[in-house]
Amino acid sequence: MKILSDKVQNKVICVFLLIGSIGLVVYGVTHIFSSIEYKLSSDVRQVTAVVKDYQISVKTDENGNENVKYHAILSFEVDGKTYTGKDVFSRDISRGDEVTEKAYRALNGEYKLYTGDIGDNITSVMMIPAGIIISIFLIYEIFGKSKEKEQEVNQIE
């Protein structure tokens with residue numbers, strides 16, 4: 001027994017995909033903003049950060065080679081205040097390891113870890129137009145087809 005019709009299921013799926021595509025745009029804009037914020041910062045410095053926690057992700061390519069990444073949560077101190085940030089490492093790390101990172105003063109006065117330049121994060125830039133195009137398509141799928149059907153019904157009557 002079906003709980004939802006196929007049309008309703010398709011609309012529900014489209015709504016979830018729309019939320020995801022809007023997320024792509026937000027992710028891209030956030031990275032561009034961070035890069036601009038770093039370039040405008042009047043205070044950029046090297047800090048010693050401590051690995052507080054990490055997760056390992058392993059991707060295997062078509063040749064069977066494994067690409068291991070360590071997604072770390074770091075803690076660092078600037079002028080007596082402790083901040084946290086994230087970074088990704090290709091080398092083996094452990095909790096308590098010390099790493100040297102670049103930190104900058106953000107527009108709100110807090111310090112953030114530098115995550116790379118726009119050139120390094122070209123995927124962030126590509127996510128904005130991809131998210132917009134997918135969103136437009138999904139909005140049409142959700143709302144546009146129902147208007148077309150209403151017009152067809154009105155023409156038949």
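For reference, positions follow the sequence shown, starting with 1.
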Inset, instruction - Tell me who clusters with Val88, hydrophobic residues only, linked when side chains sit under 4.5 Å apart either directly or through other members. - result: none
Legend entry - Those residues that, when tested against Asp97, pass salt bridge (charged side-chain N to carboxylate O under 4.0 Å, His left out) (two or more places apart): none
Inset, instruction - For Glu37, enumerate each residue passing the salt bridge (charged side-chain N to carboxylate O under 4.0 Å, His left out) test, keeping only those at least two apart in sequence or located in another chain. - result: Lys112
Legend entry - Side-chain heavy-atom pair Leu107, Phe33 within 4.5 angstrom cut-off: yes
Inset, instruction - Quick one: list whatever passes side-chain hydrogen bond (donor to acceptor under 3.5 Å, both in side chains) with Ser34, sequence neighbours left out. - result: none
Legend entry - Closest approach of Ala72 to Phe89 (non-hydrogen atoms, all atoms of both residues): CB-CE1, 3.8 Å
Inset, instruction - Could I get the full list of salt bridge (charged side-chain N to carboxylate O under 4.0 Å, His left out) partners for Arg45, not counting sequence neighbours? - result: Asp43, Asp79
Without placing hydrogens or testing angles, list every side-chain donor-acceptor pair under 3.5 Å for residues 55-66, not counting sequence neighbours.
{"from": "Ser57", "atom 1": "OG", "to": "His71", "atom 2": "NE2", "distance (Å)": "2.9"}
{"from": "Asp61", "atom 1": "OD1", "to": "Asn63", "atom 2": "N", "distance (Å)": "3.0"}
{"from": "Asp61", "atom 1": "OD1", "to": "Gly64", "atom 2": "N", "distance (Å)": "3.1"}
{"from": "Asp61", "atom 1": "OD1", "to": "Asn65", "atom 2": "N", "distance (Å)": "2.8"}

Legend entry - Pairing residues for Tyr38 by the ring-ring contact (aromatic ring centres under 6.0 Å, His included) criterion, not counting sequence neighbours: Tyr104, Tyr114
Inset, instruction - Please list, chain by chain and in numerical order, all residues satisfying side-chain hydrogen bond (donor to acceptor under 3.5 Å, both in side chains) with Tyr27, sequence neighbours excluded. - result: His31
Legend entry - side-chain hydrogen bond (donor to acceptor under 3.5 Å, both in side chains) partners of Ser21, counting only residues at least two apart: Ser135
Legend entry - Any side-chain heavy-atom pair of Val99 and Arg91 under 4.5 Å: yes
Legend entry - Side chains of Val47 and Glu77 in contact at under 4.5 Å (non-hydrogen atoms): no
Legend entry - All salt bridge (charged side-chain N to carboxylate O under 4.0 Å, His left out) counterparts of Lys81, not counting sequence neighbours: Glu110
Legend entry - Residue list, side-chain hydrogen bond (donor to acceptor under 3.5 Å, both in side chains) with Asp92, at least two apart or on another chain: Tyr70
Legend entry - All side chain to side chain contact (heavy atoms under 4.5 Å, CB included) counterparts of Ile132, not counting sequence neighbours: Val25, Ile128, Ile136
